[in-house]
Amino acid sequence: MKNFLNDKILKSIPLIFLVVILLKITYSYFDIKAREYDFAKKEAEVLNSYVIESRLYYQTLFLDGAIDINEKTLPALPAFSSPIISERFSKNNPLNISVKTVSDRARNIKNSADKDELKAIEFFKKNSDESVYFSDQNSKFYQYATALKVTYSCLACHGKKEDAPLHIQKRYEEAYDYELDEIRGVISIQIPVKNLNQYFYKNFFKSVMFDLTLFLALFISVLYLVRESKRVSIALEEKIEEKTKELKESFLYDRLTKLPNRLKLIEDIKQSKDAKSFHLALINIDSFKDINDLYGYKVGDEVLIQVPNRIREYCKDDNSVYKLPNDEFAIFTTTQMSDEEFFFMIKDMLNKISETKFNVAGQSIFITFSCGIASNKESILIKTNNALQIAKKQTKNIVLYNDSFDAKEQIVKNMNALLMLKNAIKHDQITPYFQPIYNTRTKRIEKYESLARIITHEGEVIPPFVFLDIAIRSKLYPEITKAIVTKSFEFFKGNSFEFSINLSIVDIQSKDIVKFIFNKLQEFEQPQRVIFEILETDRIENYQEIKNFIKDIKKYGCKVAIDDFGSGYSNFSHILELNVDYLKIDSSLVKFVTTDENSRVVVKTIINFASNLGLKTIAEFVEDKDSLDVLEKMGVDFIQGYYIGKPSSELNRDFKEII
């Protein structure tokens with residue numbers, strides 16, 4: 001800790017406060033904008049109501065005959081009075097709001113609609129059910145409008161000419177033949193934005209200035225605290241470093257011998273991971289418990305002190321000696337030497353120490369040792385300890401680690417794989433990937449094989465060789481089959497492709513799995529698109545079970561393929577009994593078809609055999625164009641492999657290299 005108060009935290013306070021202020025300002029701005037918008041609309045609605053009532057009132061006076069229509073009363077009509085009233089109203093109201101009656105076909109040019117009002121008129125013509133138009137598209141003002149539609153009252157003057165008042169007939173030639181509900185214009189109310197802004201944003205700017213002033217004060221305060229914290233923290237840091245060093249030494253050094261301990265050894269090994277050469281020896285005092293029991297713990301402690309002193313006499317200066325728990329010691333070095341040199345150095349040292357006696361409290365004691373050694377190995381401490389345990393178990397003085405000791409690691413790998421598989425089943429992470437199968441006759445991809453993968457939470461795709469073997473041994477394989485069947489059926493129900501699913505003999509012999517498959521086939525609308533691949537490499541002891549299974553699934557229209565044909569027993573006679581549809585030629589034959597004559601002969605034999613029986617052949621593991629060309633010439637029906645397409649979570653439908 002370099003500061004009494006964390007500089008980063010202190011410096012982040014103004015930043016956080018600034019963000020809060022900006023968020024507040026932004027919120028206030030949009031809030032005021034929204035309230036201004038609502039105010040403008042409400043104000044316009046009030047004015048519009050007043051205008052409508054005024055028009056209706058004067059209209060009634062004229063229609064009822066309370067006011068005669070003549071040259072003197074004509075200016076009272078809206079067509080004449082609207083522009084005059086609007087101009088005076090706009091000048092005299094504090095917000096300069098204009099209220100007009102406008103039209104896109106005005107007889108009086110002063111009542112002609114501007115471009116914003118024309119938008120409103122067009123809006124009402126397109127949306128006859130709408131009664132109000134309100135827009136803030138023009139940055140200078142809010143536009144409000146209501147439609148002026150022809151009513152029965154309007155037709156009294158603007159219907160048929162012969163029905164209009166005589167004064168109207170004499171004065172106008174074209175103001176007739178209006179139609180009911182026809183839109184003749186709008187009541188337009190325009191509210192200037194500038195004047196509203198002055199009213200609404202006055203307090204907003206005051207609030208912004210207050211917030212910025214507060215931020216500046218806070219910023220200055222934080223700068224002061226940062227400077228003060230540095231001064232206070234320097235003295236505190238020195239004290240903490242001193243105590244930390246003392247505490248670290250108590251953790252990393254043995255109290256009795258003052259030697260570095262196991263934690264220090266682990267730390268030194270980590271720091272030496274980039275060294276070109278590193279060697280470790282673990283040394284255990286044989287029968288040390290007998291020394292404690294015979295001579296007492298005080299003598300035993302003295303022995304533990306003298307042993308590393310003897311070791312140091314024979315060790316080079318660049319070899320580090322460590323005291324491990326109980327009666328164990330370690331020697332670790334990154335000195336450039338061979339494995340054999342380090343082995344013989346330790347062996348010679350232990351022989352010499354064992355030949356001399358330890359004089360402790362008047363007692364002469366001879367000590368022997370067991371030792372494990374490892375050089376230039378990953379996880380060197382674990383592997384050296386494995387060598388030591390073997391030395392103790394086999395009563396050998398010294399054992400050099402080699403890779404044959406790694407059976408334990410394989411057990412750990414299996415346990416990890418089993419744990420991963422169980423977790424994948426629990427969290428539904430077993431997922432099918434689909435590899436395309438290419439028809440050599442039609443030159444199209446027509447089928448896909450569903451292959452099991454595990455997709456971890458981190459998105460890592462785990463291939464089947466990691467978990468299939470442990471799945472079989474742990475009897476979890478049926479869960480994989482269920483997941484692949486369920487998800488493949490769901491995936492392919494939305495298209496017309498055929499798709500294949502692998503089944504092992506274990507699956508077919510499981511009544512639960514067979515019942516599960518039949519239930520899924522009953523639910524699937526087109527079971528004739530399903531192909532089940534039975535592994536030819538499996539040891540089939542009861543062919544009757546296989547024959548019965550194939551017979552039952554063929555009732556649904558499903559097809560059957562023998563997978564990896566040519567890799568195992570390849571009993572051609574049994575193929576006749578099983579009534580299959582496809583033979584999938586094993587990859588061990590296909591991958592050498594361009595280079596090995598024997599492979600070509602066997603592949604050609606399988607193709608001819610299948611053709612004579614009316615079976616189709618599928619060549620797996622095709623990875624290049626040369627293999628494709630050779631297999632096509634041989635007469636294989638379908639091709640599968642990385643050259644056609646890799647397994648993927650989506651369907652690869654194109655194979656452009658062929659075309």
**OP:** Find out whether Ile606 and Leu589 are in side-chain contact, i.e. whether some heavy atom of one side chain is under 4.5 Å from a heavy atom of the other.
**Re:** yes

Original post:
Would a 4.5 Å heavy-atom cut-off, applied to side chains only, mark Lys422 and Leu418 as touching?
Top reply: yes

Original post:
What's the spacing between Asn385 CG and Leu324 CG if we round to 0.5 Å?
Top reply: 9.5 Å

**OP:** For Asn351 and Lys347, indicate whether the former's side chain and the latter's backbone hold a donor-acceptor pair under 3.5 Å.
**Re:** yes

**OP:** Using a 4.5 Å cut-off on heavy atoms from C-beta on, say whether the side chain of Leu252 contacts that of Glu267.
**Re:** yes

Original post:
Hey, does the side chain of Ser379 reach the backbone of Ile382 with a donor-acceptor pair shorter than 3.5 angstrom?
Top reply: no

Original post:
Would you call the rings of Phe638 and Tyr582 parallel, tilted or perpendicular if under 30° counts as parallel and over 60° as perpendicular?
Top reply: perpendicular

Subject >> Arg262 atom CZ: more than 12 heavy-atom contacts under 6.0 Å >> reply: no

Original post:
Checking Asp629 side chain against Asp626 main chain: does a donor-acceptor pair fall under 3.5 Å?
Top reply: no

Original post:
Taking atom types as modelled and ignoring hydrogens, do the side chains of Ser587 and Glu620 form a donor-acceptor contact shorter than 3.5 angstrom?
Top reply: no

Subject >> Worked check of side-chain contact (heavy atoms from CB on, under 4.5 Å) between Leu388 and Val399 >> reply: CA-CA 7 Å; Leu388 174 60; Val399 170; over 6 Å; no

Original post:
Do Arg600 side-chain atoms and Val593 backbone N/O form a donor-acceptor pair below 3.5 Å?
Top reply: yes

Subject >> Distance, nearest 0.5 Å, that separates CD of Glu302 from CG of Asn359 >> reply: 11.0 Å

Subject >> side-chain contact (heavy atoms from CB on, under 4.5 Å) involving Ala424 - partner list, sequence neighbours excluded >> reply: Gln429, Ile430, Ile454

Original post:
Is Glu650 atom CD crowded by more than 12 heavy atoms from other residues, nucleotides or ligands, each under 6.0 Å away?
Top reply: no

**OP:** Identify the heavy atoms of Val514 and Ile508 that sit nearest to each other, and give their distance.
**Re:** CG2-O, 3.4 Å

Subject >> Shortest non-hydrogen contact from Leu282 toward Thr384 >> reply: CG-CG2, 3.5 Å

Original post:
Is it true that the NZ or CZ of Lys323 lies under 6.0 Å from the centre of Phe329's six-membered ring and within 45 degrees of the ring axis?
Top reply: yes

**OP:** Check whether any side-chain heavy atom of Ile305 sits under 4.5 Å from a side-chain heavy atom of Leu256, and report yes or no.
**Re:** yes

Subject >> Donor-acceptor contact present, side-chain His279 to main-chain Phe343, <3.5 Å >> reply: no

Original post:
In terms of side-chain heavy atoms, does Asp254 have a donor or acceptor partner in Thr257 at a distance below 3.5 Å?
Top reply: yes

Subject >> Backbone of Ser338 reached by a side-chain donor or acceptor of Glu341 within 3.5 Å >> reply: yes

Subject >> Test side-chain contact (heavy atoms from CB on, under 4.5 Å) applied to Phe369 and Ile346, Ile353, Ile398, Asn284, the passing residue >> reply: Ile353

Original post:
What is the distance from atom CD1 of Ile285 to atom CD1 of Ile365, rounded to the nearest 0.5 Å?
Top reply: 10.0 Å

Original post:
With no hydrogens and no angle check, is any side-chain donor or acceptor of Lys475 less than 3.5 Å from a backbone partner on Ile472?
Top reply: no

Original post:
For Arg473 and Asp469, what are the C-alpha separation, side-chain angles and deciding distance, and is it a salt bridge (charged side-chain N to carboxylate O under 4.0 Å, His left out)?
Top reply: CA-CA 6 Å; Arg473 283 189 281 149; Asp469 183 57; 2.8 Å; yes

Original post:
Of all heavy-atom pairs between Ile373 and Cys371, which one has the smallest distance, and what is that distance?
Top reply: CG1-SG, 3.9 Å

Original post:
Between atom CD1 of Ile501 and atom OG of Ser450, what is the distance when rounded to the nearest 0.5 Å?
Top reply: 5.0 Å

Original post:
Can you list the steps and then say if Lys591 with Asp624 is a salt bridge (charged side-chain N to carboxylate O under 4.0 Å, His left out)?
Top reply: CA-CA 9 Å; Lys591 64 183 178 182; Asp624 53 60; over 6 Å; no

Subject >> Side-chain touch Asp563/Ile534, heavy atoms, less than 4.5 angstrom >> reply: no

**OP:** Measure from NZ or CZ of Lys584 to the centre of the six-membered ring of Phe565 and say whether it is under 6.0 Å with the direction within 45° of the ring axis.
**Re:** no

Original post:
Between CG of Leu304 and CD1 of Ile291, what distance do you get to the nearest 0.5 Å?
Top reply: 8.5 Å

Subject >> Intermediate values then yes/no, side-chain contact (heavy atoms from CB on, under 4.5 Å), Leu503 and Glu533 >> reply: CA-CA 6 Å; Leu503 294 180; Glu533 296 188 15; over 6 Å; no

**OP:** Return the minimal non-hydrogen interatomic distance between Asn292 and Gly300, and the atom names on each side.
**Re:** OD1-CA, 3.4 Å

**OP:** Mark yes when over 12 heavy atoms from residues, nucleotides or ligands other than Lys482 sit less than 6.0 Å from its NZ; otherwise mark no.
**Re:** yes

Subject >> Nearest heavy atoms of Ser474 and Leu421, plus distance in Å >> reply: OG-CD2, 4.4 Å

Subject >> Ring centre gap for Phe499 and Tyr448 strictly below 6.0 Å >> reply: no

Original post:
Does NZ or CZ of Arg310 fall inside the cone over Phe358's six-membered ring, less than 6.0 Å from its centre and within 45° of the axis?
Top reply: yes

**OP:** Considering non-hydrogen atoms only, spot the tightest contact between Thr334 and Ala275 and give its length.
**Re:** CG2-CB, 4.0 Å

**OP:** Test side-chain contact (heavy atoms from CB on, under 4.5 Å) on Val321 and Arg312 and set out the steps.
**Re:** CA-CA 7 Å; Val321 181; Arg312 280 204 185 97; 4.2 Å; yes

Original post:
So do the side chains of Lys276 and Gln336 get within less than 4.5 Å of each other, counting heavy atoms only?
Top reply: yes

Subject >> Tyr297, OH: over 12 other non-hydrogen atoms inside 6.0 angstrom >> reply: no

Subject >> Any Glu623 side-chain heavy atom under 4.5 Å of Phe621 side chain >> reply: yes

Subject >> Minimum side-chain heavy-atom gap Glu449-Phe434 below 4.5 Å >> reply: no

Original post:
Do the ring centers of Tyr438 and Tyr643 come within less than 6.0 Å of each other?
Top reply: no

Subject >> Side-chain donor or acceptor of Ser272 paired with backbone N/O of Asp268 under 3.5 Å >> reply: yes

Original post:
Has the side chain of Asn261 got a donor or acceptor atom that lies under 3.5 Å from a matching backbone atom of Leu263?
Top reply: yes

Original post:
About how many Å separate CD1 of Ile455 and OG1 of Thr431, when rounded to the nearest 0.5 Å?
Top reply: 5.0 Å

**OP:** Would you check, one step at a time, whether the test side-chain contact (heavy atoms from CB on, under 4.5 Å) holds for Phe278 with Thr333?
**Re:** CA-CA 6 Å; Phe278 49 92; Thr333 182; over 6 Å; no

**OP:** Indicate yes or no for a side-chain donor-acceptor contact from Ser287 to the backbone of Asp290 under 3.5 Å, with no hydrogens or angles considered.
**Re:** no

